Peer 1: 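Have a look at the structure that comes next, please.
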Protein chains: 2
Amino acid sequence: MSRTEPRAAGFIPVAPPTLADVVERAGVSRQTVSNAVNNPDLLRPDTLERVREAIDEMGYSPNRAARNLRTRSSQLIGLRVLPAQEGTANAMMDRFVHTLVDTSAEAGYHVLLFAGDNDDPVGGYDHLLRATAVDAFVVTDTYLGNPQAARLTEQRAPFVAFGRPWDQPQATHPWVDVDGAAGTRPATEHLIAKGHTRIAWIGWRKDSPIGEDRRAGWLSAMRDAGHATTGLASRVEDTVQSGAEAAAVLLDESAPTAFVCASDTLAMGVLHTLWIRQLAPGRDIAVVGFDDSQVAQVFPVGLTSVRQPLEDVAVAIVRALETLLGHLPPPAQGVLLTPTLAIRGSS
Amino acid sequence: MSRTEPRAAGFIPVAPPTLADVVERAGVSRQTVSNAVNNPDLLRPDTLERVREAIDEMGYSPNRAARNLRTRSSQLIGLRVLPAQEGTANAMMDRFVHTLVDTSAEAGYHVLLFAGDNDDPVGGYDHLLRATAVDAFVVTDTYLGNPQAARLTEQRAPFVAFGRPWDQPQATHPWVDVDGAAGTRPATEHLIAKGHTRIAWIGWRKDSPIGEDRRAGWLSAMRDAGHATTGLASRVEDTVQSGAEAAAVLLDESAPTAFVCASDTLAMGVLHTLWIRQLAPGRDIAVVGFDDSQVAQVFPVGLTSVRQPLEDVAVAIVRALETLLGHLPPPAQGVLLTPTLAIRGSS
DNA sequence: GCTGGCTCCTTGATCGTTCCAATCCACCAG
DNA sequence: CTGGTGGATTGGAACGATCAAGGAGCCAGC
């Protein structure tokens with residue numbers, strides 16, 4: 001009832017010109033106007049010119065709903081957003097989303113955000129899919145145990161994951177990921193080159209494959225350099241508090257001169273402990289974080305951090321989506337990108 | 001050509017059930033199924049039950065494109081995203097977007113992101129509008145001088161602005177904003193209560209109405225307390241570097257014991273200068289930022305910061321959109337919300 | 001018994017576009 | 001002059017839903 005009464009709301013919607021309007025103005029048929037927009041090659045140059053003029057003069061854009069209905073595609077990519085985390089430094093989704101939007105736009109897609117919560121990982125996907133409201137999904141939260149990937153595969157829904165299917169080696173869906181070990185290894189080597197030998201690791205719980213991946217880079221760099229690692233590794237929750245406590249314990253028991261952390265959040269914890277103990281980051285103790293968050297960038301002396309190539313990730317994801325949706329030849333199954341190291345005052 | 005060849009891509013899309021399928025199964029007419037979804041009150045309870053069963057069994061969701069075409073509405077809200085800013089602490093859009101997505105979902109809308117750049121402030125809006133790809137816009141970057149608002153009003157496009165129309169007092173569009181002065185005033189009073197009398201202000205250039213608004217809160221609190229302000233205010237660019245330089249100058253020339261800043265980015269600059277001068281934030285010098293960014297939250301001792309009620313802003317915006325789109329009675333023209341103060345170690 | 005009004009459900013028309021197959025036209029070889 | 005050819009253009013049909021009317025069926029009332 002009330003849904004159909006926009007006039008009551010005080011603003012009068014202006015109906016945009018339709019294809020029929022252009023038809024009348026240009027003096028050609030529907031299909032010709034349609035072709036002028038979608039297959040210009042089919043028209044004779046002078047006809048094309050005439051139609052295009054009419055289109056420009058009237059400011060015509062094809063009605064999305066009508067086009068979507070006919071072509072059975074929405075030119076939309078679904079992205080589920082999780083509740084914002086407070087008290088952490090993980091604002092990297094921001095950077096990712098920006099590039100994703102830009103790149104998708106170039107490929108003719110828009111990004112549709114939908115709500116999701118941790119309790120119901122597959123919620124939202126089904127509905128959008130059955131309503132053909134989106135053409136494909138970008139799945140970003142695969143680290144949670146990843147029921148979405150299996151579910152979406154089962155439903156034959158096109159999607160690309162940001163993150164490897166760690167616990168499902170048989171998975172066949174396309175994915176893009178960042179090589180964590182290839183980030184922490186140069187970070188550790190960077191510290192070794194600065195003369196450090198006792199370099200500690202603060203990472204995540206053992207059941208986090210991403211955490212173990214990042215840890216592996218530290219471990220291999222240390223081993224290759226012939227430095228001991230016993231008593232220098234700690235695995236905790238991803239909070240500032242945990243990082244601070246882990247750093248305190250490590251400093252007391254193993255006297256490291258440098259820390260490599262699985263996240264900027266943990267690194268901030270280390271910096272907190274250094275602050276309390278009157279130790280200067282960069283001079284007394286070196287610290288390296290992971291994610292190159294805004295926190296790392298604006299921290300007084302600057303926090304050296306492993307920077308994920310999120311822009312490249314977004315581009316790779318859109319490429320994969322395009323192949324998946326049939327615009328381009330064969331899809332690559334997995335893409336693994338290498339992070340870089342942003343060196344700042346803390347190391 | 002290639003657009004219509006999804007089979008070539010290796011995945012076979014499964015066509016979701018349509019209304020016609022449900023019709024067949026439930027043994028009722030199209031309109032009855034439609035009513036079961038949109039106007040359940042019109043059906044007799046037993047009929048409704050039967051139709052609903054069929055819908056559930058088949059997993060039917062109305063095709064979005066078809067519905068959009070017929071109802072001339074997309075149930076989408078457009079939000080333009082700007083290129084991510086590096087080196088600042090302003091990741092507050094994250095929090096805002098999350099709540100916006102959640103609240104919109106409750107109102108039956110999804111959020112569509114589209115790309116935009118600073119050079120072409122109205123780009124993207126026109127196209128989406130004419131294609132009826134979105135029902136309304138949320139305009140967030142009104143501080144840039146705000147040509148969008150005027151343009152959208154002119155085009156009779158429904159939209160709600162996050163931010164007052166500072167430079168267009170005659171504007172009639174609905175908006176939601178946060179009272180900057182009502183944030184910096186208690187922040188300053190908080191410092192005064194702690195015994196500070198020489199409290200400096202570091203804000204933005206004079207041509208930024210938002211900056212002047214926030215400055216006004218500091219100024220009024222200082223005046224009401226009878227404290228001098230001459231030589232205690234500085235106006236600079238919104239970068240860490242500028243904040244650091246301004247703090248250095250102020251410390252040398254006016255010896256303030258506390259700083260109130262127009263942003264967390266500037267506050268981080270102050271902290272940088274304190275670091276260099278071996279001054280302890282919170283003990284030697286108090287610092288208050290603005291935005292309650294993740295940076296403020298994870299900074300070692302914690303940065304006291306004015307927190308914008310972004311969740312409330314998002315909710316208010318969705319409310320305004322609903323009234324605008326005719327679901328509810330008369331729209332409120334402007335809504336002004338009051339920020340809170342997140343007190344941490346730096347003050 | 002017929003009418004009027006109510007509830008509940010059904011049928012034709014429509015939204016604006018693209019797909020499909022047919023038609024038109026100019027040109028050329030036989 | 002006829003028939004074939006291929007490029008350019010056209011009209012009918014369809015995508016899947018909602019809108020706007022148009023029937024059944026039932027009960028009360030004169």
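Letters go in sequence order (proteins before strands), and every chain restarts at 1. As the structure is a computational prediction, the values presented were derived from the model and not from experiment. Just so it is clear, the values below take in all heavy atoms, side chains as well, and ignore hydrogens, waters and symmetry mates.
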Peer 1: Give a yes/no answer on whether the side chain of A:Ser34 brings an N or O atom under 4.0 Å of OP1 or OP2 in C:dT17.
Peer 2: no
Peer 1: Quick check for you: among C:dT11, D:dG16, C:dT17, whose closest atom lies nearest to any side-chain atom of B:Arg30?
Peer 2: C:dT11
Peer 1: What nucleotide, of C:dT18, C:dC9, D:dT9, holds the atom closest to the side chain of B:Arg44?
Peer 2: C:dC9
Peer 1: Which nucleotide, C:dC15, C:dT17, C:dT10, lies nearest any side-chain atom of A:Leu19?
Peer 2: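 When the side chain of A:Leu19 is considered, C:dT17 is the closest of C:dC15, C:dT17, C:dT10.
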Peer 1: Without decimals, in angstroms, what is the distance between B:Arg72 CZ and D:dC19 C1'?
Peer 2: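 Distance, rounded to whole Å: 12 Å.
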Peer 1: So does B:Thr32 get a side-chain nitrogen or oxygen closer than 4.0 Å to the phosphate oxygens (OP1/OP2) of C:dT10?
Peer 2: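 For C:dT10, OP1/OP2 do have a side-chain N/O of B:Thr32 under 4.0 Å.
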Peer 1: Just how far is it from atom CZ of A:Phe162 to atom CG of A:Leu100, taken to the nearest 0.5 Å?
Peer 2: 10.5 Å
Peer 1: Output the single nucleotide from C:dC8, D:dA17, C:dT17 whose closest atom is nearest the side chain of B:Ala66.
Peer 2: D:dA17
Peer 1: Side-chain N or O of B:Arg64 less than 4.0 angstrom from OP1 or OP2 on D:dG16?
Peer 2: no
Peer 1: Would you mind classifying the nucleic acid contact of B:Thr18 as base, sugar-phosphate or nothing, using non-hydrogen atoms under 4.0 angstrom?
Peer 2: sugar-phosphate
Peer 1: Expressed as a whole number of angstroms, how long is the span from B:Asn39:CG to D:dA20:P?
Peer 2: 12 Å
Peer 1: Ignoring hydrogens and angles, state whether a donor on the side chain of A:Asn68 or A:Ser74 is under 3.5 Å from an acceptor on the partner side chain.
Peer 2: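 Side chains of A:Asn68 and A:Ser74: no pair found under 3.5 Å.
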Peer 1: For A:Asn38 and C:dT18, is the shortest distance between a side-chain N/O and OP1 or OP2 below 4.0 Å?
Peer 2: yes
Peer 1: Closest to the A:Ser29 side chain: D:dG16, C:dT18, D:dT9?
Peer 2: D:dT9
Peer 1: Working to the nearest 0.5 Å, report the span between CZ of B:Arg25 and CE of B:Met58.
Peer 2: 5.5 Å
Peer 1: Are A:Glu53 and A:Arg50 close enough for a salt bridge, meaning some N to O gap below 4.0 Å?
Peer 2: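 No, this pair does not count.
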Peer 1: Nearest-nucleotide wise, let me know which of A:Val33 and B:Gln31 is further upstream toward the 5' end of DNA chain C.
Peer 2: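 Looking at the nearest nucleotide for each, B:Gln31 comes out on the 5' side.
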Peer 1: Please report, rounded to the nearest Å, how far the C1' atom of D:dT18 is from the CG atom of B:Asn68.
Peer 2: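 These atoms are roughly 12 Å apart.
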Peer 1: When the distance from CG of A:Leu43 to P of D:dG6 is rounded to whole Å, what number comes out?
Peer 2: 20 Å
Peer 1: Expressed in angstrom and rounded to an integer, what is the separation of A:Arg67 atom CZ from C:dC15 atom C1'?
Peer 2: 16 Å
Peer 1: Using whole Å, what does the distance between atom C1' of nucleotide C:dT18 and atom CG of A:Leu42 come to?
Peer 2: 13 Å
Peer 1: If you assign B:Arg70 and B:Leu48 each to the DNA chain C nucleotide with the nearest heavy atom, which residue ends up on the more 5' nucleotide?
Peer 2: B:Leu48
Peer 1: Figure out the CG/P separation between A:Leu69 and D:dA13, and round it to whole Å.
Peer 2: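 My rounded result for the distance is 18 Å.
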Peer 1: Regarding B:Thr132 and A:Asn63, do their side chains bring together a donor and an acceptor under 3.5 Å, going by distance alone?
Peer 2: yes
Peer 1: Rounded to whole Å, how long is the line connecting atom CD1 of A:Ile55 with atom C1' of C:dG16?
Peer 2: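 Roughly 14 Å, once rounded to whole Å.
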